[in-house]
S.K.: 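Here's a structure for you.
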Amino acid sequence: MGAASDIYTPELETAGPRSRRPARSAREPTELTRVGWTPRADIGLDEWSAFGRRFGEIGRCSQWWLGDWIHYGNAKFGERYSRAAKLTGYDVQSLMNMVYVASRFEIYRRRENLSWSHHATVASFDVPSQEYWLGRAAVDKLSVADLRVESRSWRRALEAPAEEAPPQTSGHADTLVCPSCGEVVPLSP
């Protein structure tokens, strides 16, 4: 893919839409700006694929990086989120979410084969439950939406009052007894 400068240069960070960009050498295969990627020459499938893999990695990692970065800044410099929001362009609530999730998972517990959103879904759980649900998501290849649905159902079942008993039957397979009033209720119309 080439050197890191093929993807990003600090000059791009401060260059406005009308500012002059520094001259780039002919060997640099692409130009990357905040709003676009342009190949500067005809690139092959392997190189094109390498760019795609790298872009995917960057996209999947950035929330972790920002969360860790802000967590460090808060601990080291007593910073609050307003400076980080100005520096990154993210709103304060999004940054707070990134820090929360990053702080709930030590780096060694983060699963590279699952997205940040998978981790965010279970961040409020205790550690054994986080491990269970992340393991389940990996093995069963659960989407984030599926993980949310299944883990919510599990939490609701945990939070249900323990004294709830299964509905009583009346002795007939086609009726139930209402637990509130004792009335026999038919199961079929």
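Bear in mind that the values here come from a model prediction, so they are computed numbers and not experimental data.
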S.K.: Would one find more than 12 heavy atoms of other residues, nucleotides or ligands at under 6.0 Å from atom CG of Asp42?
M.R.: no
S.K.: Can a salt bridge be assigned to the pair Glu159 and Arg156 using a cut-off of 4.0 Å between side-chain N and carboxylate O?
M.R.: no
S.K.: Decide whether Val144 and Trp64 are clustered together by the hydrophobic rule: side chain heavy atoms of Ile, Leu, Val, Met, Phe, Trp, Tyr closer than 4.5 Å, transitively.
M.R.: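 Different clusters: Val144 never reaches Trp64 through Ile, Leu, Val, Met, Phe, Trp or Tyr contacts under 4.5 Å.
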S.K.: Say you draw a straight line from CZ of Phe105 to CG of Asp68; how long is it, rounded to the nearest 0.5 Å?
M.R.: 12.5 Å
S.K.: Return yes if some donor-acceptor pair links the side-chain N/O of Ser94 with the main-chain N/O of Tyr90 below 3.5 Å, else return no.
M.R.: no
S.K.: Between Arg155 and Ser124, is any side-chain donor less than 3.5 angstrom from a side-chain acceptor?
M.R.: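 Yes, a side-chain donor-acceptor pair sits under 3.5 Å.
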S.K.: Between Val122 and Gln130, what is the shortest heavy-atom contact and its length?
M.R.: O-CG, 3.2 Å
S.K.: What pairs with Arg111 under side chain to side chain contact (heavy atoms under 4.5 Å, CB included), at least two apart in sequence or on another chain?
M.R.: Asn113, Leu114, His119, Glu131, Leu134
S.K.: Test question: given the 4.5 Å side-chain rule for I, L, V, M, F, W and Y, name all other residues clustered with Phe77, or answer none.
M.R.: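 When side chains under 4.5 Å apart are linked, the cluster holding Phe77 also contains Tyr72.
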S.K.: Who passes ring-ring contact (aromatic ring centres under 6.0 Å, His included) against Trp154, sequence neighbours left out?
M.R.: Phe125, Trp133
S.K.: Ignoring hydrogens and geometry, is there a side-chain-to-backbone donor-acceptor pair from Arg110 to Ala102 under 3.5 Å?
M.R.: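 Confirmed, Arg110 side chain pairs with Ala102 backbone.
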S.K.: CE/Met96 to OG/Ser103 distance, rounded to the nearest 0.5 angstrom?
M.R.: 11.0 Å
S.K.: Please check: side-chain N/O of Arg109 versus main-chain N/O of Arg104, any donor-acceptor pairing under 3.5 Å?
M.R.: yes
S.K.: Answer yes if Met98 and Trp65 sit in the same cluster of Ile, Leu, Val, Met, Phe, Trp and Tyr residues linked by side chain heavy atoms under 4.5 Å apart, and no otherwise.
M.R.: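 Cluster IDs for Met98 and Trp65 differ.
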S.K.: Start with the C-alpha distance between Val99 and Trp69, add both sets of side-chain angles, then the distance that settles side-chain contact (heavy atoms from CB on, under 4.5 Å), and finish with yes or no.
M.R.: CA-CA 8 Å; Val99 171; Trp69 172 72; over 6 Å; no
S.K.: Do Leu142 and Val149 belong together in a cluster built from hydrophobic side chains that touch within less than 4.5 Å?
M.R.: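 Not linked; separate clusters.
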S.K.: Holding to side chain to side chain contact (heavy atoms under 4.5 Å, CB included), I want the full list of residues that pass it with Asp46, two or more places apart in sequence or in another chain.
M.R.: none
S.K.: If you look only at pairs with a residue in residues 82-103, which of them pass as a salt bridge (charged side-chain N to carboxylate O under 4.0 Å, His left out), with sequence neighbours excluded?
M.R.: Glu79-Arg83
S.K.: Sequence neighbours excluded, which residues qualify as side chain to side chain contact (heavy atoms under 4.5 Å, CB included) partners of Trp48?
M.R.: Trp37, Ile43, Leu45
S.K.: Testing the 3.5 Å rule here: is there a donor-acceptor pair between the side chains of His118 and Thr121?
M.R.: no
S.K.: So how far is it from Leu95 CG to Gln63 CD, rounded to the nearest 0.5 Å?
M.R.: 10.5 Å
S.K.: Consider only side-chain heavy atoms of I, L, V, M, F, W and Y, link residues closer than 4.5 Å, and tell whether Val127 and Tyr132 are in one cluster.
M.R.: no
S.K.: Between Thr88 and Leu66, which heavy-atom pair has the shortest distance, and what is it?
M.R.: CG2-CD2, 3.7 Å
